[in-house]
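The next block holds one structure in the form of structure tokens; read it before the comments.
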There are 2 protein chains.
Amino acid sequence: MPKAAITISDVAKASGVSKSAVSYALNGKPGVSDETRAKVLAVARDMGWKPNSAAKSLSDARTRSVGVVLLVDDADSFGAGMFTMDCLAGLSKALDPREYSIVLRMTAGGAAAACHIHEDWIASGKVDAHLILGVELGDPRLTLFRNHPETKALFISQRAVTSGLPTLYSADDEGARMVVRHLHELGHRDIARIAGPEEYVHTLARDNATADECAKLGMHCTTLHGRYMAEDGERLCGSILEFGQRPTAIICDTDVTAIAAMRAAAARGISVPDDLSIVAWDDSPSCLSATPTVTALHRDVKAIGRTAGDMLLRMIDGETVGAEPEPPYRLIERDSTGPANVA
Amino acid sequence: MPKAAITISDVAKASGVSKSAVSYALNGKPGVSDETRAKVLAVARDMGWKPNSAAKSLSDARTRSVGVVLLVDDADSFGAGMFTMDCLAGLSKALDPREYSIVLRMTAGGAAAACHIHEDWIASGKVDAHLILGVELGDPRLTLFRNHPETKALFISQRAVTSGLPTLYSADDEGARMVVRHLHELGHRDIARIAGPEEYVHTLARDNATADECAKLGMHCTTLHGRYMAEDGERLCGSILEFGQRPTAIICDTDVTAIAAMRAAAARGISVPDDLSIVAWDDSPSCLSATPTVTALHRDVKAIGRTAGDMLLRMIDGETVGAEPEPPYRLIERDSTGPANVA
DNA sequence: CTGAAAGCGCTTACAG
DNA sequence: CTGAAAGCGCTTACAG
């Protein structure tokens with residue numbers, strides 16, 4: 001069984017034609033008679049021939065792969081975990097039919113380390129295109145790809161951050177407005193938000209949109225920032241509930257903080273959703289298994305990955321790609337939100 | 001900035017020597033004077049030269065990448081998610097210093113589809129080695145790699161499944177015994193287990209080891225099988241609590257079912273850990289945020305990935321690799337287990 | 001120590 | 001329609 005790798009020359013010999021004839025036949029190009037072509041194809045199949053990937057890449061300058069560098073944080077391997085996984089699944093799905101693979105690297109060295117890997121890939125021609133996630137303001141990867149406009153690179157990011165670069169931008173703005181409007185309809189006028197760290201650009205995007213929509217609707221919103229951890233959620237929720245005027249609803253930027261906030265409320269005898277409504281920004285299975293179940297902003301992460309893959313393929317095909325929006329959020333109403341109870 | 005890819009010939013021209021001299025210099029091989037070498041290195045660095053990856057691969061028959069095919073299940077994108085992610089992170093960490101990348105594909109087509117991808121990779125020389133996860137009994141990938149002993153492939157699996165093939169085998173056996181002994185020390189004699197689906201080989205491994213250790217220690221264990229879902233955990237726990245002699249402890253094969261089981265117990269007024277101890281097989285953040293916190297078997301998944309990476313590199317270097325154990329489980333005692341309360 | 005040459009496996013103008 | 005040739009960018013014996 002384990003025959004040494006068979007080449008186009010072997011096929012040529014076996015079918016009694018020249019190497020070039022084999023190449024033409026195999027690639028469906030003109031230059032061979034139908035008869036020859038059929039024979040070559042049959043022989044190639046029988047011998048189990050596949051084009052050598054390195055040789056093909058060298059000769060046609062295509063690697064048939066897109067590069068992704070993941071930033072891993074030793075602490076929170078959890079936060080980004082599922083998003084990344086689903087996103088890769090979607091990407092893979094888009095790439096699959098074209099026989100493109102993902103070349104994956106992970107680094108704990110942050111944006112700078114990721115940037116070096118991309119540089120290497122550019123210089124070595126390791127990938128046909130780059131996908132960049134988790135960009136921050138002043139990220140060196142922005143500069144890198146601005147300086148290499150000939151390199152095909154797509155960012156999944158906020159619109160404001162990557163301006164001028166091909167981007168699949170998030171719908172955080174719309175999401176924020178959606179939540180605020182939902183709470184407004186339920187009669188809430190005084191709300192709070194347990195937001196993520198201010199370093200994240202999407203946090204700022206949400207901050208802005210939330211504030212803007214609240215202003216439009218005449219609502220008041222207090223925003224506190226913290227990490228995406230249960231303890232932060234509990235602590236911030238405590239602050240919100242104990243100081244000043246208590247809001248009737250809280251928006252939490254993540255499922256973890258939302259569930260932590262519910263616990264903090266329960267600990268104080270505050271009932272959700274009767275006394276307090278809670279909305280989680282990221283939907284997840286834990287939103288479903290919590291008591292009560294948590295109303296959440298849901299987005300189809302696989303679809304985001306798939307869209308990214310499609311955009312990358314278009315770039316590889318030579319098309320110019322600009323900024324395109326990701327699929328919209330959907331608000332999934334569950335049991336943690338209800339009419340405002342203004343005591 | 002965006003200079004067209006620069007090649008070894010450019011460097012040769014710029015430093016006034018031949019291409020071969022450049023190659024020797026760049027690869028630290030003898031054949032050039034120290035002076036020439038230094039000059040070439042300087043020029044190459046200045047020009048930002050990197051070896052073209054396809055050319056290098058073609059010439060030395062090494063792709064500097066290992067291939068991984070992930071089986072994605074449209075339904076449960078969650079279950080395997082974090083394990084896979086952490087495992088990849090560990091793998092990447094091992095591969096990084098050698099400048100190896102992961103070539104990643106994901107498929108919803110199960111083992112058969114994955115098998116085809118591996119076949120393609122073998123024929124096209126796309127990767128230097130393969131890593132295979134989530135193998136089941138009768139998996140076509142076992143046959144494929146048995147028929148291709150010259151291909152470097154490592155399985156992360158159960159020892160029994162892959163016999164003869166290079167394998168990083170799991171410590172499920174030891175894990176099971178560890179939990180049983182822990183419960184025995186706490187005085188439990190009559191226990192139950194909410195296990196995973198019987199299709200999974202690791203389920204059987206756990207079944208066997210649990211039964212064996214119980215027998216040794218004179219303990220009784222009832223085992224029920226179900227999916228890794230909250231509803232299954234609740235249902236099975238209900239069955240266990242309501243029929244026959246109620247056990248004093250339950251081992252759940254996953255964090256999800258453990259937490260569901262705790263809920264089922266609470267719903268029946270059974271207190272954890274006073275009336276019933278609960279152990280989760282897989283540790284996770286939710287074990288920490290549950291009330292009470294859940295005693296769990298914890299394994300260092302990144303270390304598993306890293307070990308796999310090291311083994312793969314050794315295989316790539318020509319070493320023969322057999323079956324090696326993964327790092328052992330650790331039992332993390334939290335608040336969901338306590339002394340047996342034999343009413 | 002150094003250069004010219006052949007080869008890795010494929011593709012693609014270029015003559016027959 | 002078909003074959004011989006050159007080239008993709010690198011490595012590596014092989015003569016000077």
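All figures in this text were calculated on a predicted structure; none of them were measured in a lab. Order of the sequence lines fixes the chain letters, A, B, ..., with proteins taken first and strands second; residue numbering starts at 1 for each chain.
Summarising the geometry, the separation between CD1 on A/I6 and P on C/dC8 is reported as 15 Å, rounded to the nearest angstrom. Atom C1' of nucleotide C/dA4 and atom NZ of B/K19 are separated by 10 Å, given to the nearest angstrom. The OH atom of A/Y24 sits 9 Å away from the C1' atom of D/dT2 (whole-angstrom rounding). As a whole-Å value, the separation of B/D10 CG from D/dG9 C1' is 10 Å. Rounded to whole Å, the distance from CG on A/L26 to C1' on C/dT11 is 12 Å. At whole-Å resolution of the value, CH2 in B/W49 and P in D/dG9 are 12 Å apart.
Remark: A/S18 is in phosphate contact with D/dG3, judged by side-chain N or O atoms under 4.0 Å from OP1 or OP2. Taking side-chain N and O atoms only, A/S23 has a distance below 4.0 Å to OP1 or OP2 of C/dT11.
Of the residues in residues 121-130 of chain B, none lies under 4.0 Å from DNA chain C by heavy-atom distance. Non-hydrogen atoms lying under 4.0 Å from DNA chain C are contributed by A/P51, A/N52, A/A55, A/K56, A/S59, all within residues 51-64 of chain A.
For B/S20 against C/dA5, a side-chain-to-base donor-acceptor contact under 3.5 Å is absent.
Not a single donor-acceptor pair under 3.5 Å links the side chain of B/R105 to the backbone N or O of B/V103. Counting only distance, with no hydrogens or angles, the side chain of A/T167 and the backbone of A/Y169 share no donor-acceptor pair below 3.5 Å. Using modelled atom types, one side-chain atom of A/D128 and one backbone atom of A/R64 make a donor-acceptor pair closer than 3.5 Å.
Side chain of B/I8, nearest nucleotide from C/dC10, D/dT11, D/dT2: D/dT11.
Ion pairing of B/R98 with B/D317 is present here, as a side-chain N (NZ or NE/NH1/NH2) and a carboxylate O approach within less than 4.0 Å. Taking the charged nitrogens against the carboxylate oxygens, A/K126 and A/D120 have no contact shorter than 4.0 Å, which rules out a salt bridge. One finds no salt bridge joining B/R62 and B/D60 here, because no Lys/Arg side-chain nitrogen approaches an Asp/Glu carboxylate oxygen to under 4.0 Å.
To the nearest 0.5 Å, atoms CG (A/L144) and NE2 (A/H130) are separated by 7.5 Å.
Searching all strands for a Watson-Crick or G-U wobble partner of C/dG16 with both distances below 3.5 Å returns D/dC1.
Counting any heavy atom pair closer than 4.0 Å across all strands shown, B/K29 reaches sugar-phosphate atoms only and no base atom.
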* Apply side chain to side chain contact (heavy atoms under 4.5 Å, CB included) to B/H118 and B/R141, showing your working. => CA-CA 8 Å; B/H118 286 291; B/R141 290 171 291 178; 4.1 Å; yes
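Partner A/T307 forms a side-chain contact (heavy atoms from CB on, under 4.5 Å) with one of A/I156, A/L91, A/L154, A/L168 and no other, that one being A/L168.
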